[in-house]
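Notes follow once the structure below has been shown.
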Amino acid sequence: MFVLNVVGLKKVYGSGDLAFTALENIDFSVQEGELAALLGPSGSGKSTLLNCISLILEPTAGRIEMGGKTVYADGRMQVPARRFRRQNIGFIFQGSYLIPFLNVLDNVCLAMELNGRKGKQARERGMELLRYLEMAHRCTSLPGKLSGGETQRVAIARALANNPRLILADEPTASLDTARGLKVMELLKTIAQERQAAVIIVTHDERMIQGFDSVNRLQDGNFQITEQSGS
Ligand code: ADP
Ligand code: MG
């Protein structure tokens, strides 16, 4: 089943003489358990597409469906964007954006609290996620004390907090060396398979996309070829 289906997506920044078309004619689908890469040079529209999918940015035209539900169509959002995002999408940024004065566990729990899950139940789930990411021993550390790889593992735990079917990551390995970057990618692949989530990862680094199920190449706001792995 498709977790995400994007049809004819278009995004224009600005208007009049300053209008700039950042995306045009984008068709893009991702299924349960699929690890998909969005690859392309700087300025090709990767972040614009990811931000449209995550409902942070409103598209100009086209259609976005998630889990069979239409979320954007006919030139407008069809769902309350913020709540839909909070409940259905996990997001991992390039910098982690962990909250510096909250410890590791509280950072993970905050994501659940925003969805109304609080107290003991949230803390138990937070610890379970930290164990899954081998970060339980750091639960009381402040983000400033963590290495780059540890920080990204906490950011992944936070993205999983509400058990989203769709996980989006914008250059999640940009601040890591190759070995640690590949480890984070391995982890995201495992998460896609074990949780039957769709995981979309933006990167400009060809070395990071080993073992991905599909590789989608953007150039100047258009898709070039999409490669599907044989399996
Ligand atoms: P990438 O993530 O692939 O580097 P972006 O999606 O950030 O690319 O940007 C795609 C294009 O859209 C670039 O030419 C960029 O300059 C332009 N762009 C991005 N954000 C804005 C904005 N807020 N206003 C105008 N143009 C923008
Ligand atoms: Mg970008």
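Quick caveat: nothing in here was measured; it's all calculated off a predicted structure. The analysis underlying the following values was restricted to heavy atoms, covering all of them including side chains, and did not include hydrogens, waters or symmetry mates. In listed order, ligands and their atoms are each counted from 1.
Given atom 7 (O) of ligand 1, the protein heavy atom at minimum distance is S47 CB, 3.8 Å. Looking only at protein heavy atoms, the nearest one to atom 26 (N) of ligand 1 is Y13 CD1, 3.5 Å. Protein heavy atom closest to atom 9 (O) of ligand 1, with residue, atom name and distance, is T48 OG1, 3.8 Å. For atom 13 (C) of ligand 1, the closest non-hydrogen atom of the protein is G43 O, 3.6 Å. Looking from atom 8 (O) of ligand 1 to the surrounding protein, the closest heavy atom is G45 N, 3.2 Å.
The nearest protein heavy atom to atom 16 (O) of ligand 1 is not closer than 4.0 Å.
By the 4.0 Å heavy-atom criterion, S44 is counted among the residues contacting ligand 1. Ligand 1 lies out of reach of G40, whose nearest heavy atom is not under 4.0 Å from it. Not a single heavy atom of G221 sits under 4.0 Å from any atom of ligand 1.
Annotation: the span from T173 atom OG1 to L182 atom CG amounts to 8.0 Å, rounded to 0.5 Å. Expressed to the nearest 0.5 Å, how far CG of L4 lies from CD of E34 amounts to 9.5 Å.
Proximity of a side-chain donor or acceptor of K11 to a complementary backbone N or O of C52 within less than 3.5 Å is not detected.
For ligand 1, the atoms closer than 4.0 angstrom to any heavy atom of F20 are 11 (C), 12 (O), 14 (O), 17 (C). For ligand 1, the atoms sitting less than 4.0 Å from at least one non-hydrogen atom of P41 are 3 (O), numbered in the order shown with element in parentheses. Under a 4.0 Å criterion applied to the non-hydrogen atoms of A22, ligand 1 contributes the atoms 12 (O).
Y132 carries R195 over the face of its six-membered ring, with the cationic atom under 6.0 Å from the centre and within 45° of the normal.
For the side-chain contact (heavy atoms from CB on, under 4.5 Å) test with L129, the passing option among M127, R125, R131 is R125; the others fail. Screening Q193, K189, Q31 for a side-chain contact (heavy atoms from CB on, under 4.5 Å) involving D213 leaves a single residue, K189.
Crowding of D220 atom CG: a count of heavy atoms from other residues, nucleotides or ligands under 6.0 Å not exceeding 12.
Between Y97 and F93, the ring planes are perpendicular. Angles over 60° get that label, and only those under 30° would be called parallel.
Distance check for S42 against the Mg ion (ligand 2): none of its N/O/S atoms falls below 2.8 Å.
By the 4.0 Å N-to-carboxylate-O rule, E134 lies too far from R153 to be salt-bridged with it.
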